[in-house]
Structures are given as C-alpha cells and as structure tokens.
Amino acid sequence: MDLNEFLRRADALEASARTLVASLQPGTRLDDAKGRLNAVAAEEVAALRAALRTLPPEDRPAAGQAFNRLSQALTRVVENYAASLRSANSGVGATDLSMPARTQWRGARHPVTMVIDEIAGIFRELGFTIALGPEAETAWYNFGALNFPPDHPAMELHDTLYLRDDVLLRTHTSPVQVRTLQSYRPPVRVLIPGNVYRRDFFDATHAPAFAQLEGLAVDEGISFVDLKATLAEFARRFYGGTRRVRFGPSYFPFTEPSAQMDVGVGLQDGRGLRWVEIMGCGLVHPAVLESAGLDSERYTGWAFGMGPARIAMSRHDINDIRLLYDSDVRFLEQFTS
Amino acid sequence: MIVSYDWLRAFAPVSIPAEELGELLGAHVATLDGIERTRLDLEPFVVGRVVESERIPDTKLSFNKVDDGTGTLHEVVCGAPNVRVGGRYPFARVGTEMPGGAFTIQRKKIRGFTSAGMLCSAAELGLGTDQAGILELETEALPGTPLLAVLPAGDVRLELDVLPNRPDLFCQRGIAREAAALVGLKLQQPPELSDLPETPAAVLGDARATADGLTVQIVDEEGCPRYCAAVVRGVKVGPSPEWLAERLESVGARSINNVVDATNYCLHALGQPMHAFDVARLGANIVVRAARSGERLTTLDGVERVLQGGTLVIADDLKPVAIAGVMGGRDSEVDQSTTDIILEVAYFAPGRVRASRLAAGLSTDASYRFERGVDREATLEMLRTGAGLVASLGGGRVTAVLDVGTAPGAMPPVTLRAERLNRLLGIVVPVERVEALLRSIGFGVTRIGEEAWLVQPPSWRHDVSRDVDLVEEVARLVGFDSLPDELRPFRPGTVPDHPLHVRSTRVRDALISQGLLEARPLPFVAGDDRTHVRVSNPLAEDEPHLRTRILDTLAHRAEHNLARMQANVRLFEIGHVFAPGKGSALPLERMMSAALVMGERRPPHFTEPRPPAVDLWDAKALGESMTRAAFPGADVQLSPSGEGELLWLITVDGREVGGVWRVLLDAPPWASPAFGVEIELGTVESAQVAEPGAHAHRVREDIASTVEPVRYRALPTTPAAVFDLALLVPDELPAARVAGVVRDAMGELLEHLSLFDEYRGQGVPAGMRSLAWRLTLRHPERTLRDKEIEGRRGKLLRALEVELGVKPRA
C-alpha cells in the first residue's frame, strides 16, 4: 500500500461510516449502532494502522495525520449519533422549543450600588468625576475642617465611633471635600460615594455603617442658583420630569446657606402629596474653603449629601434595612438584571 | 418643637389658616414635620342643610329632612327651637361618635318618627356652653362639606424640626417673630402678659447683691456671667387658670400649679428657662459656684445624684440646691405650702450646662435651651415678666429684684456687601428688600456707602458671625423656592476619577458578568487587638474590631445563607480593610475585592439535572479573572502554595496582591466545599494632604491609561500542524514545569499549548500520571514540513527526558 492508496482508503472509510450511520433505522440503539459501525470499520482501521508501519518513512507523517483525522471523525460520527438520539428522545419527533434554555448564574449589583451608579451616571453627564477618601479619618478632617464648633451640640447628631482620641470612623463623606480641595485646584466638580459610620444600633431603620453620596462643586462665581439648577436637573432625570421638588431651610456646619431638597411622593396635584427629604445641600461654608487653603472671597461652591440606602429602600419597598446587609442570596438574586 | 397655632397668634395675629402657616414656616424657617388639629374628633361632622321642617304636634320637637350631600335626605327629629328651612348646621350622621365619647348617633324612633342623625349645638360639639339651640353656620358651603373646613374649631399643633443653630426658635414667640416677618405683621405682646404688676428697681452687683434679706453671689463667673433673681412674697400656690393650663397642654406640657406653670409659660412662650425656689426651704444666700466632687443633690425627679467636681450648681450656704441650667433640687421645690418664692433667671455658659447634662445624664427643656444659648440681653426683662406673672397668678408682691454680673451681649456687627450677597445667591436682591428682610426679624441694619451694610444681630441670634450667615437669612426669607433653577455654564473640573474607583468598577462589572452577587455587609468582626484595629467605643462588644480581610465577612455571610438552606452561594464585596498603622495614628487602610463561591457551577437544566459543584479550578479561574479585571495588561500569576488553606498566591507583575483559598465554614453536611478569592485593589491614602488652612495642589500625571494596548498579530496564512503528546509525569513534578520545557523546546513555532487530559490507573505506573497536551505548531511564512515537525518532536522528547526524566506514554 502506498501513501495515495492509504489516504484514499482512509477517506473511503470515513465516508462509508457516515453513510452507514445516516442509513440507520430511526431509533436504533447506540450500542447496536456502534456494533454495526465496528463491523464495517474495525478491520479496515486495523489494516491502515498496520500499513502505517510499512510505508516509507517520508510518507509516514502524512499518513499518520490522515489516520488521526480518521479516528477523530469516527469518534465524532458516534458522538453525533448519540446526541441525535438524546434530542430525539427528549421530544417525540420534533424538538419541544418551549423547554427552558440552558442558563448560567446571573450576577447582580447590590441595590445600594445600583442607586449610587445611577446617580453617579447623571452627575457624570453634568461634569462630575468621582473622588474617594479613607473611612478612618482624623477628627480634623471629619469635624474641625468642616466648621464644627468644638463641643457644640451639632456634633451629637453624629454619634461617632472612635479608634483613638483624634482618629475616628468618618461620620460622613464630607472629609473628602477638604481632601479634594487641598489636592486639586478649582474648578472642582466631584461626586463622593463611600461608607460612613455612626454609633447607631442595628435595627430595622438604622445601621452603624451605611453608604453616603456627596457632591461638591467649587469655582469662581458659583452661586445658589447653580446648586438649585443642578440638583433640580438631577431630580428631573432621576425621578422623571413630573415629580415636584422643593427647597427649604436646613442647617449643616459646613454649608451656609444650608437647605434641603424634598421630592413630592404620591399624587402630584397637591391632594395626597407627601414631601420626602432627599438630600441636604448648601453653599460651601467659607470656613471649609479656608480649611483647604483656598481664598473664600474668590472661590465659592455648593455641596450636597444624600443616603443611597434610603432611596434603595423606598424604590424597592424594602422595609427593613438589615436586608441590605444580610447578603441573603434569595434577596440579592432579585436584583439581577 | 410643637407650635400652637392659637398661642402663636397671641404674639402674631396672622390671619392665614394653620395649614398655610405651616407651609410658610416650612419653606422659610424650619422643616414642618407634621400638623395636627386638636379637635380631630370633629372630623366626621359635616355641614347639613335643612330642606324641610315641620313641628311635631304637642311637643317642642320638629321633624326635618336634612341634605348631607350624599344624595339621600335624612329624616331627623330635633328639639332645638331655632331650626329653619334653608339653614346650615353641624350634622352628625348615624354612626358618628359624639365628642368626649358621650354616645354614638343611632337610628331611633321618637314619637313615631324615625330619626337618623343629629343636628348639633355648640355645647354638644364641645365648642362652648351654648345649648339654647343648634349651631347655625354662617356659610354657603355645600352640604356634606366637613365641618372643620367651615368652622376651624380647636387649636392646631404644628410640629417643626428646629435645627440646633436656632435656639431662638424654641419658643412660641420665636416662631411667631418669623411668622410675623413672613406675612408683614409686627410682633405684639399677648393679652396675658399685658398689665402685669410692676416690679421694683433692680439692685445691681458685679458679683454680689443683697435685697429683701436675699444675697446672690456669683463665685463661678465663667459658668454664670449673669444671675437675676426676684423675691415674690405672699403667693398662694394653687391650680392654674384654665387659659394657662390650656396653653401648656397645647404644646404637650403638663399643668402643675400656678407658680411652676408661670415659669413653664415663660419657657415655652419666650424660650427662657426659669426656676422657682421656696424661700422657706432655702437659706438667705444664693451662691453660684462649681460643685465640689462628691457633693450630693436630690433633683426634682427624685434621684439622688453625686455631683462631679466642677459641675455648675446653685447652692445655699451649705449645699447645692440645683444643677444650674439643668434641674432644681427637691428640697427647695415649690409646693402647696409655699408662700414666698425666689425666681431665678440666669445666663449660664452653654459649655458648662452641656458638661453638667452629660455628667448627670439628664437632658431637660432647660438644659436644651441653655446649651444652645438663650437671649443674651433679655435676662432681667424675662425675670420681670416671670415675676410679674407669678404675682398676677398667685397674688403676692414682688418685693425685690437682684441683677448680678453681666451677660456677654449680642454678637458683634457683621459687614455685608451687596455684591457678595448677589454673587452667592446668583440673583440680584434690591438693597431696600435686603434691609427690610433683615429688619423684619430683628437685625439692625446700617448702610455703609451705597452697596454695603453693617448688620447688628439681635441678642437672641448667636448663629450670625459672618456675611454668609446673613446671606442665608436673606435667602430663606426670599425663599429658596423662589430662586431660578436654570442651568448655567460651568467649567469642567480638574479632578480625575480616583484610580481605585476606576479599578473597583472594572472588577465589579467583571464579577457580576460572571454571575456573582454583590454584598455590602457590616464590616465589624471579633479580632485580636494585636492584628486588628479596635473601635474604642464599639456598639457590640462581641464585634469590636475592624476587619483585616473581607473573606472573613463573606464566610459569615455564607454561613448565614447555609443556615437558610441556600447551598449555592456566590457573593463578592469590594470594600475597605484596616490594619494597625505603622508609626501613624491612622490605620493602614486598603481597598480589597473578595469573592466566595460554593455549590452548583450552573443552574440545573433538563440536559444536566445535577451540575457539578464548584471546585478549585473554578476558584482559580475566578482568581485570574478578578485580578485581570483589576490590573488589565499586567502579568498576573497564580502560583501554587501549600500553606494551609491557601491554594494559590496571586501576583501582579511579581507583586503579591492576594490569593485563592479553600474556605472552611461551619457548614451542614450537604454543603459543598467553599472557595474564596481576595485581592488588594490598592492602598487608600489617608495621610494629611496639607496642613490645616493650606493646600498641596497638584496636576495628576497618571491620568492617561498605562495599559499597553494589545498589538494586533496578523491572521495566519499558513496551515497549522497539530499533534498530541501524552507523557508519564511523576506526581511530584508540576505540570507547569513540563509545559515550560515544552515551550522552550518548541520555540517560536509553538502557537498554542493546552493540557487536555490527566489520567491515573491502568497502564500508568503508581506514583505517576499520564498528562496529555495538544500542541499547535505554525510557521508564519510557510507550511511546516513533516520532517521538521518530527524533528522538533524528537528534540522535545529528548529535552523532556534529559531535563525532567519524563518519557512519553507508550
């Protein structure tokens, strides 16, 4: 047998194997099919294998490759027949296309992250970038630099977890305002997401650690109108244009004037309209700008802060904040996209 | 803070309804948390119109048909003489409960007539004593209109969330002052404070004064800058008149007796805490001083307290009789037998009251106001009002007034420039308007030049020290809501996205696309003081530490899921971990990404009812993909580790960043093994950026991506040669070493190498395994000749034999 004959016989065998399987009575059992194929092919395969050794050495590699191809092809023929048997058995006759797809596990963003990402997306379009900072902070960055008077009752709104006398777990993301203003020259337009800590017991409505989202814009000529316009635009994009918003007075040591933004919940026609506070905001207090070494006459700015967990809870009707922390897969899986 | 609509109107006679007033205050003064009518029991009553009326013979009764807006006329028997056709009256339908719970209206037969409802008199509604007839409503309102809409009966409570910088709003007059300013009225003196008895001229003293047998001495001037006292003799202690009890009840306080109620009236109406001592139970001397450590005092609440040294107290010659600004003592309390009293009105230092309150753990209406600051100049005037009220309510005479020390006085004036005001607000407020607004709430305004003012804050405002504070006053009085909200041009910022945010976002996206669920658990753990950062005032003593790795948290979360019969856990978290700082007070803080997986690899399907469990190779893949997502383009290596549960150590460009672990859980027997990956995304900088008041502005140089772009390789034009290689490899020889030798030996021709089989058993000697690789060879320019391939294969086998002693499987 020379190389040409070897290759021809290998091709022929592959072809006859295909023909044989194609001509099988529908429903022939896999073992019977294998038996019939063996009967046709076993002898020829053995002959070809033997021939491999008798061919001249220079022809052997090509013959060897052809032989390998043949064995793979024979295996495939059998596997395909087995697969066709399986699919034929799974529906009588035609495939039942109503049966479920083969799926993978689906992943999910945490509902709080979804809120943060969505809000960040809106502010990105309004020219904001993302700034981060440490969760363990100095008392100066957390309070002093933000114009908290020492020993003032305002500090008690922030029941603080301390690590040392002057080191604490930040009670808000506002320290990052000062860090950012110390690091970069205005104009500054940043959004600051992060975890903050309060000495609150863990119950249905409180958690000792939670996410906060803060925004800061500082430049020459920034006014309360810019604050209001940007936040109202945010609310239109986040809640939809039909939601009403309003601004009312508030107090934070680090903003002056301070305000809060409420959105109308329920019917928007006045009857049954309920207002829910969404964020605190205000013009950056000059003392904060001065803490960061900025000229508070030249630069002005505005800032806001909000709680993404509260928004996540209200939009998903989550009535117990602990669900957000438990990490129960049955809860988290509900937020797969 | 509860505001009584009626009480407020005694100071500022606003004519707008309570709801409207609430809205106005909410928009300009403080958040309106709630609004509640005190006569909610009148809610079910409606306007009823009599459409037919006839007398029932031989009685004083009439039989009427009443329209209540429902479309059905109700038959009502009525005994009042003043029923007339066309009249509108308060109507109680069947089922309505009468005020006070007296009875519920029922359908009944009277003299053969059915009565289904009741027309009501003022007395029956609790609106006075007039029961001569039913209450004729002077209204054109449609039948069925709620009665309260046409007859706003009773008081309305407005609940305001007053913020800590505005202690002046913690009283009815304070809110009334704002309300008056908003509607353009002047504040007035309520009738109950008009025509109070005269009080004698004050006896003054710097640190000490004496009058009518009483000596007041301030020893601790820092704690008590000013102390005023009045002596009222011949008082008859008894119940308060109805108007006073009602006033106090309207804001949630309780009526006690006329003297105590007079002081509480001043507290709630004027914001000034006052205290009354019984002269008979107090010595002739009042001393304001710091307590000596260990002194005792039983306060009004009946608790005996051991005072901390330094606590500011009011004392007689021997002992403390009150914790200054917090609570009086029981021994000097005014009761029914009291005839002569000393009334105290003082200015205590806010910090000292706060210290006393914290030390005693006792927060009171008084301490709340003193801590935030009371009116600095009204001390004596408040005392005269209080003493006058006591005398007018309890009889008696004010025999002496003492005024010792000096309060700090109002805040210094502040300069405000119109240009600055308008620049901050973004609108132009006319100068006359600015002046009118500030004056309307008590600020003194003097113009300096054309475009600036010198503004004197009133003595009750301690929160105004800079021009921006005045800008806030103008802004809120103008109304935040009235400002325009059109977007104006802005300049883009100089701050690049934080690199850790960019990195964590990539990792999060990658993990979610691989089917993982994001968790955000609480970060507290039980750790070890040597390795963990401890919270010095933790909430839970069993978890006082900050975590050093996220996998510990995720392991607990996995156990939480297992306890709820959830076997397929695939959680990840991106968060911060903490380690004690080296040479720094701040901890070393790092951002980590971690994932924990266990259970079925995929959801079951009818073609695969029992999917295989996640194993270490899945975990290795997760480690690789997480790290590659975090560090794109970098050289990511997972090297086997035999240390404990650590399977692989992960390095990025040779730097260790994390690992892949077997995670041991407290798990039920049905749970499959758990695996975890944790890598460090980066250190979170916490060092001080610059000194307080300074900056260290920089330009970020590393904004451009440092990731080397992928270089495109030309698609092959020559055929590949593929062959398989099965080798007998000793168990202790790592496959990676064999693969390394294969790569070296095959050189650049080797396009792809994949390990596709591992086999132990028949035909393979013990201590060995058969490993099979598929090699794909390709020359970039020509077809490889068989001889060449054979040659390479032979060389490879020799290299394997020489370098590793590995032979092909026969």
Side-chain angles (χ1 to χ4, degrees), chain A residues 61-62 102-110 112-113 127 129-132 134-136 151 153-154 161-164 167 179-180 182-185 187-190 199 201 208-209 219 223-226 228-229 232-233 246-249 251 256-257 259 283 286 291-293 300 325 327 329 332, chain B residues 26-27 31 163-165 351 371 424-426 468 471-472 475-476 480-481 483-488 491-495 497-498 500-501 512 515-522 533 535-537 539 557 561 566 569 571 576 585-587 589 602-603 605 684 686 689-690 693-697 786:
Chain A
R102 184 177 293 124
T103 55
Q104 295 296 326
W105 294 124
R106 290 201 295 166
R109 214 166 286 275
H110 192 277
V112 170
T113 309
T129 52
I130 308 287
L132 301 179
E135 292 172 11
D151 263 355
L161 290 167
Y162 281 91
L163 304 180
R164 294 179 177 212
V167 177
R179 288 182 173 274
T180 305
Q182 282 188 317
S183 303
Y184 297 97
R185 188 180 305 283
V188 163
R189 287 172 83 83
V190 289
R199 203 166 182 282
F201 284 99
D219 197 1
S223 72
F224 203 95
V225 169
D226 295 310
K228 213 185 143 182
E233 177 65 16
R246 71 175 189 190
F247 289 79
Y251 168 72
E256 192 79 42
L283 294 186
S291 292
T300 52
Y325 297 83
S327 317
V329 295
L332 297 173
Chain B
T31 306
L163 292 153
N165 64 328
E371 272 187 57
L424 283 165
L425 291 187
V468 285
V471 172
E472 175 170 86
R476 70 178 181 84
F480 296 114
D481 263 335
L483 297 177
D485 65 358
E486 92 278 356
L487 280 169
R488 293 174 180 178
R491 301 197 293 173
T494 59
V495 188
D497 273 339
H498 196 288
L500 284 179
H501 172 74
I512 289 168
L516 275 82
L517 302 167
E518 186 185 17
R520 297 181 73 110
L522 284 181
V533 176
V535 177
S536 49
N537 56 340
L539 274 161
R557 296 295 97 209
N561 277 287
Q566 298 303 303
V569 179
L571 298 172
H576 293 202
L586 284 162
E589 188 168 338
R602 314 175 258 285
H605 186 248
V684 181
S686 56
V689 180
H695 64 70
H697 287 162
D786 297 335

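These numbers come from the heavy atoms of this one structure, side chains and all, not from hydrogens, waters or symmetry mates. Chain letters run A, B, ... following the sequence lines, proteins first, then strands; residues in each count from 1. Owing to the predicted nature of the structure, the values given are computational and were not obtained by experimental measurement.
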key: Side-chain touch B:Leu586/A:Pro134, heavy atoms, less than 4.5 angstrom   = no

query = Which region of A:Leu161, side chain (C-beta onward) or backbone (N, CA, C, O), has a non-hydrogen atom less than 4.5 Å from a non-hydrogen atom of chain B, or is it both or neither?
reply = both

inquiry  = Please classify the contact between A:Val190 and chain B as side chain, backbone, both or neither, with a heavy-atom cut-off of under 4.5 Å.
reply    = side chain

key: Minimum heavy-atom distance A:Thr113-B:Glu518, with the two atoms named   = OG1-OE1, 2.8 Å

remark   = When the 4.5 angstrom heavy-atom criterion is applied to A:Glu233 and chain B, the contacting part is side chain

remark   = Per-residue tally against chain A (heavy atom, under 4.5 Å) across B:Leu571, B:Val689, B:Val471, B:Val684 peaks at B:Val689

key: Residue selection (most heavy-atom pairs with chain A, distance under 4.5 Å) from B:Leu516, B:Leu483, B:Val495, B:Thr31   = B:Val495

inquiry  = I need the residue from A:Ala259, A:Ala292, A:Ser291, A:Ala229 with the largest number of non-hydrogen atom pairs under 4.5 Å to chain B.
reply    = A:Ala229

key: salt bridge (Lys or Arg N to Asp or Glu O under 4.0 Å) against A:Arg164, all qualifying residues, sequence neighbours excluded   = none

ask   = Between A:Leu163 and B:Pro587, what is the shortest heavy-atom contact and its length?
value = CD1-CG, 3.8 Å

inquiry  = With a 4.5 angstrom heavy-atom cut-off, is it the side chain or the backbone of A:Arg246 that approaches chain B, or both, or neither?
reply    = both

key: Side chain, backbone, both or neither of A:Thr300 within contact of chain B (heavy atoms, under 4.5 Å)   = side chain

inquiry  = Is A:Ala209 in contact with chain B via its backbone, its side chain, both, or neither, using a 4.5 Å heavy-atom distance?
reply    = both

note = Contacts of A:Phe247 meeting ring-ring contact (aromatic ring centres under 6.0 Å, His included) (sequence neighbours excluded), chain-then-number -> none

Residue selection (most heavy-atom pairs with chain A, distance under 4.5 Å) from B:Leu517, B:Asp786, B:Leu500, B:Val535 = B:Leu517

